[in-house]
Structures are given as structure tokens and as C-alpha cells.
Amino acid sequence: MQPIISVRELSKKYKLGVFNAKTLREEAEAFLSRFSRKKGEGIRHKGEGAGSTLSSLHSPSSAPADEFWALRDVSFDVQPGEVIGVIGRNGAGKSTLLKILSRITEPTSGEARIRGRVASLLEVGTGFHPELSGRENIFLNGAILGMTKVEIRSKFDEIVEFSGVEKFIDTPVKRYSSGMYVRLAFAVAAHLEPEILIVDEVLAVGDAEFQRKCLGKMKDVSSQDGRTVLFVSHNMVAMQNLCSRCIWMDQGQIARAGATEDVVRAYLTEHQTFATRRAWPQGREAPGPAEIKIRELEVVNPGGDEVVCASEQINVRVRYEQLHDTPRPLTLNTHLIDENGVLVLSGKGAAAFQQSGAGRKKGDYEFGYTIPAGILNSGAYNLKLLAFEDGHLKWQDDSLLVFDITDRRDKERTGGNYARVSGVLNPDLRQYVKPVTGR
């Protein structure tokens, strides 16, 4: 079967600090430089029947200091009806790849051949005109996808019902909240019957109920309608539930590709430095959104041992600096994810932030909680950090601290070996066996 997406040696280069030409002369020189390339360079668009091709013949050779290669020699195929996941840390090249496949930007070298109609949801507002109403944007997007008015009208009521923005359908979308924007944008992308649906992490902007609706819809369009889905997410549980195959991007290249469970496990555990503490002192490049910088993460038992033991209580601490006052409160949250990508627990901090007044005022803060003893299983864990503004996800990093948990109970049960028992959790259940009499 012919792949619906074929990517061959795809690379994308950006010039650091260069946005556009400053003078007409610079613009003319840049145009003449592009025009003088040897025959065959640049982007070539072929008809939809034969598929469309984005390609260029520049080579990603050794890059000067002012150049950044967001993608380097990426190659893969996607078959019709497949749901493919793309994972990786922030800056790994995931969004750049999707923008090339969506024809938003052109590659520097290589080729991406798309055989079908593409609908993309890459960031809040993609493809919408802010001055037009929700109704008008539905028809505009359908026209861009090549649908007739009759076809769009047949789907209109279904799109509006799924989005849940009936009351505001005739309001200009510039007045929508980010959640409303995403609701309508996803409903349009999923219901106007593209052969290929490309979805970035933008779904995290919506609430939990809407995320579940979106994941269910992506399953339906693949299993029932036979359409292809390319899905980027930091949610490893959703990735494993939805995707048959997965691509792990790292520093613009494919680090690993294959069965989703295997790739997710490798992503969470391989090439990681296991530690119970990480720090980013003042003056260093620290993780976090624009308003907050993480200064220290720590996961330890009360005694502070280097090895975290599950049979003792576990203290999780996040020390951070809020760089300036904010009009809207910011809250932090942590997700504890096991080596199979399963979200084991969430340390929601909204109530604590509201009570302390943190999240609005400049200063140094500490956020933390205690995990009771005897709950977690032994194995490798990943502490993922998230920041929210007014309940909407603002920032996340899924591999800031990777640590190992052992369980002395396992050693006692097995006569001296730390043999890991199966299961996500391993609580100290009070089991008993007794004879039953009177029968």
C-alpha cells in the first residue's frame, strides 16, 4: 500500500536573530539568491491527485554559529488509517515537523509528500480569521479544504454541537477565550472530513471533559472512517491509548520509532541521569514559563537518602522564583509518571496557591506535598512539571527530574533480591487467610 505521508531526509534551518530583510536591497538580494539556485531547488507543489510535495535540495552540513537546525534528515512513512504519535522534549522539532507537513513553512532540504487533504490544529487560532464569526470561520475552513457549501452545511450542526459554543457562533472569534477557540477549531478540523488530521499539544488548553471528547473523536475518525491522524502530545497515557506507532524526536532527529509502548518507555527512562534533586541557581538557564523560573526540584524520603524508598513517606518539593507580579494567578502542578508512561498521581496545587497568595506576587516560593508510605511501586519515575493560568495550561516540561524508587518490602518478600512486583501501585495491603467453618 502506498503511504499517505512520505518523509525523506527532511531538514529545516533557521537563522538565529534574523526575522526578515531590513531594506529593499537585502530583500532583492535574498530573492536573487533563491532564484539563482540550481534547477530543482525550492518547493514544488504537485496536484492533489498525485499527492503534494514539499522539497528543497540544501544540505544540512556543518552549521555556522548563527544557524539552528530544527530538523535534520528526518525520514518516515505513515500508512492510511494509522494514528501516529510524536513525542519529545520542548524544542525537539515536533512542531516544526508538523508545520512543514501542514504547508505552513517550507523545508530547507529533503522532501515531504502528502497524498490527501490535510486539516491541522497546531496552535490556538490557526486557520481562523479573528474578525469573522464562528459561523463564518467554519465555512471559510471548509472552503480552504475544498468542500462545497452544501457539504459544509451538512456538517454544520454537528460541528457546533461538538464544540459547545452555540451561544457564541455568530460572535467574532477574537472575543473567544482560548478554550472556546480550541473547541471550535478542533470541531472544524475533525468534522470536515480531511484524509489527514494533524493535532499538536494545543488540546491541552481545553478542559478535561473536552480533551476526552477530542481523544474519542480522533479514535473514531481513524477506526471508523479510516482517516490518518498525526498526534503530538506530552500526555503519555493518551499517546498509548490512541497511537499504534510513535516517533520520538530529539534535537531535530528521530531518536526512536516503533510500537508506542516501547518508544514511550525508552523516552521516559533511556539516556536519563537518575537523581533525587536538580537545581538551577541564579544566573543559569532555568526551566519555566516567562513569569516563573524553577530553581530546585527534590524527591526524597525524610532521611534524605540518595535512594527513594516506597515503604517510607516521600516528600516532593519544588522551589521557584516568580520574576514579577502578574494580573492573573499562576499555579504549579506536578505529574508523577511511571516508566510505562502511566500517570500515577497528580499533585494539584491550586487550593494551596490561593490560600498562600502565591502566583501573583514577585518572590521566592516553595510548593510541595507528601506521598504516604507504602503506596508507590518500585521502578523508574518521571516528575513532570506544569504551570496553569486561570485553569489553562501555560507551560510544561515532562523530563525535569527522573528518579528511581526501590521497595524494601520486595527485598523481604524475595529473600534478599529487589524483585519488582507488577502493577502501577503497590500498597501495603493487610492480607489474611483463614479457614471457613460451618459448611
Side-chain angles (χ1 to χ4, degrees), residues 1-13 40-58 60 70-88 92-123 126-128 140-148 151 185-186 188-203 217-218 221-223 225-233 242-247 249 252-254 257:
M1 181 184 296
Q2 193 176 42
I4 195 167
I5 300 175
S6 296
V7 175
R8 293 291 179 270
E9 299 180 354
L10 201 65
S11 298
K12 177 64 178 179
K13 177 183 68 176
E41 291 186 1
I43 288 195
R44 299 189 295 273
H45 293 271
K46 296 187 179 179
E48 288 291 340
S52 58
T53 304
L54 305 179
S55 63
S56 181
L57 299 180
H58 287 286
L71 293 178
R72 274 186 181 269
D73 298 325
V74 173
S75 299
F76 63 90
D77 289 327
V78 180
Q79 299 298 330
E82 275 195 299
V83 182
I84 303 297
V86 183
I87 61 175
K94 308 183 299 296
S95 295
T96 302
L97 174 62
L98 297 196
K99 286 178 180 178
I100 291 176
L101 296 180
S102 303
R103 305 188 187 101
I104 294 174
T105 188
E106 63 180 78
T108 303
S109 65
E111 177 180 276
R113 182 178 293 271
I114 301 103
R115 301 176 176 90
R117 192 164 54 194
V118 179
S120 302
L121 187 59
L122 304 184
E123 56 189 57
T126 300
F128 275 13
L140 174 63
N141 273 257
I144 291 172
L145 287 172
M147 301 181 71
T148 65
E151 290 175 307
F186 181 85
V188 170
H191 287 83
L192 291 183
E193 299 185 350
E195 284 85 6
I196 303 167
L197 178 61
I198 297 177
V199 182
D200 205 343
E201 185 64 27
V202 67
L203 288 185
K217 184 62 180 177
M218 284 192 282
V221 300
S222 172
S223 60
D225 303 337
R227 285 180 266 166
T228 303
V229 179
L230 211 57
F231 179 48
V232 169
S233 179
L242 185 64
C243 304
S244 55
R245 287 198 299 126
C246 188
I247 297 171
M249 299 291 298
Q253 297 179 309
I254 295 180

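Numbering of residues begins at 1 and proceeds along the displayed sequence.
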S.K.: Quick check for you: to the nearest 0.5 Å, what is the distance between F128 atom CZ and L140 atom CG?
M.R.: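 Between atom CZ of F128 and atom CG of L140 there are 9.0 Å.
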S.K.: Taking R115 for the side chain and P3 for the main chain, is one N or O donor matched with an acceptor at less than 3.5 Å?
M.R.: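 The answer is yes, because a donor-acceptor pair under 3.5 Å joins these two groups.
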S.K.: For the pair T105 (side chain) and I100 (backbone), establish whether a donor and an acceptor sit closer than 3.5 Å, ignoring hydrogens and angles.
M.R.: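 Not at all, since once roles are kept as given, no pair shorter than 3.5 Å links the two residues.
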S.K.: Can you name the one residue among V74, T96, L97 that meets side-chain contact (heavy atoms from CB on, under 4.5 Å) with K12?
M.R.: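 Exactly one candidate clears the test, T96.
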S.K.: As an exercise, state the distance from OG of S244 to CD1 of I84, rounded to the nearest 0.5 Å.
M.R.: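 Spacing of OG (S244) from CD1 (I84) equals 4.5 Å.
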S.K.: Check this for me: E195, atom CD, are more than 12 non-hydrogen atoms of other residues, nucleotides or ligands nearer than 6.0 Å?
M.R.: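 Buried by this count: over 12 neighbours within 6.0 Å.
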S.K.: Would you call C243 and V83 a side-chain contact if the rule is heavy atoms closer than 4.5 Å?
M.R.: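 They are in side-chain contact.
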S.K.: Taking all heavy atoms of I4 and all of T228, pick out the closest pair and write down the distance.
M.R.: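 I4 and T228 have their closest heavy atoms at CG2-OG1, 3.5 Å.
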S.K.: To the nearest 0.5 Å, what is the distance between NZ (K99) and OG (S120)?
M.R.: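 Interatomic distance, K99 NZ to S120 OG, rounded to 0.5 Å: 11.5 Å.
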S.K.: Minimum heavy-atom separation for R72 to S11, with atom names?
M.R.: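 That closest heavy-atom pairing would be CA-OG, 3.5 Å.
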S.K.: Closest heavy-atom contact between K94 and I87?
M.R.: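 Looking at all heavy atoms of both residues, the shortest contact is CD-C, 3.5 Å.
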S.K.: I'd like to know if the side chain of S6 and the backbone of D77 have a donor-acceptor N/O pair within less than 3.5 Å.
M.R.: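 No, the answer is negative, given that no donor and acceptor are paired below the 3.5 Å cut-off.
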S.K.: Over all heavy atoms of both residues, which pair between I247 and A257 is shortest? Give the atoms and the distance, please.
M.R.: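 Distance-wise, the nearest heavy atoms are CG1-CB, 4.3 Å.
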S.K.: Are any non-hydrogen side-chain atoms of E111 and V7 less than 4.5 angstrom apart?
M.R.: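 With C-beta onward as the side chain, the pair stays apart.
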S.K.: Look up atom CZ in F231 and atom CD1 in I198, then write down how far apart they are to the nearest 0.5 Å.
M.R.: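 One finds 13.0 Å between CZ of F231 and CD1 of I198.
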S.K.: If I take atom CD1 from residue I5 and atom CD1 from residue I196, how far apart are they, to the nearest 0.5 angstrom?
M.R.: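 Answer for the CD1-CD1 pair, I5 versus I196, is 4.0 Å.
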S.K.: Looking at CG of L197 and NE2 of H191, how far apart are the two atoms once the value is rounded to the nearest 0.5 Å?
M.R.: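 These two atoms lie 11.0 Å from each other.
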S.K.: Of all heavy-atom pairs between G81 and S222, which one has the smallest distance, and what is that distance?
M.R.: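 It is O-OG, 2.9 Å.
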S.K.: Grab the two heavy atoms, one from P194 and one from R117, that are nearest each other, plus how far apart they are.
M.R.: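 Reported closest heavy-atom pair: CB-O, 3.6 Å.
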